[in-house]
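Okay, structure first, notes after.
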Amino acid sequence: MESIAALQAAVTAAAAFDGEPSDAELDAIDREMPAILADVDLLDAQIMTIDRTPTELDERRIRRARRRVLAARRDLANTATAGEVA
């Protein structure tokens with residue numbers, strides 16, 4: 001069996017990690033926040049129907065939440081693509 005202790009320096013980041021996200025990471029989170037919130041809304045709608053048969057209202061709520069997720073992901077992909085082109 002080979003020890004990985006010798007490889008530790010190559011795996012560990014050279015810079016000291018202070019535990020806080022960088023400005024670039026925070027900006028990425030801000031850009032993705034509409035998609036994240038849409039995903040949370042979809043999960044909430046799905047969780048409400050876990051222990052019962054979904055009613056017509058539940059099905060509409062889930063359908064609307066799915067459309068919001070798709071729209072948010074589309075917008076995120078379009079802004080990412082537009083940023084690469086510019």
Pairs under 3.5 angstrom only: tabulate donor-acceptor contacts from the side chains of residues 22-47 to other protein residues two or more places apart or in another chain.
residue: Ser22; atom: OG; partner: Glu25; partner atom: N; Å: 3.2
residue: Glu25; atom: OE1; partner: Ser22; partner atom: N; Å: 2.8
residue: Asp39; atom: OD1; partner: Arg73; partner atom: NH2; Å: 3.1

Leu76: hydrophobic cluster co-members (side-chain, 4.5 Å):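 ILVMFWY cluster around Leu76 holds nothing else.
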Under 3.5 Å, which donor-acceptor pairs link side chains of residues 50-62 to any protein atom two or more places apart or in another chain?
residue: Arg52; atom: NE; partner: Met48; partner atom: O; Å: 3.3
residue: Arg52; atom: NH1; partner: Asp58; partner atom: OD2; Å: 2.5
residue: Arg52; atom: NH2; partner: Met48; partner atom: O; Å: 3.4
residue: Arg52; atom: NH2; partner: Asp58; partner atom: OD2; Å: 3.4
residue: Thr55; atom: OG1; partner: Leu57; partner atom: N; Å: 3.4
residue: Thr55; atom: OG1; partner: Asp58; partner atom: N; Å: 3.2
residue: Thr55; atom: OG1; partner: Asp58; partner atom: OD2; Å: 3.2
residue: Asp58; atom: OD1; partner: Arg61; partner atom: NH1; Å: 3.1
residue: Asp58; atom: OD2; partner: Thr55; partner atom: N; Å: 3.1

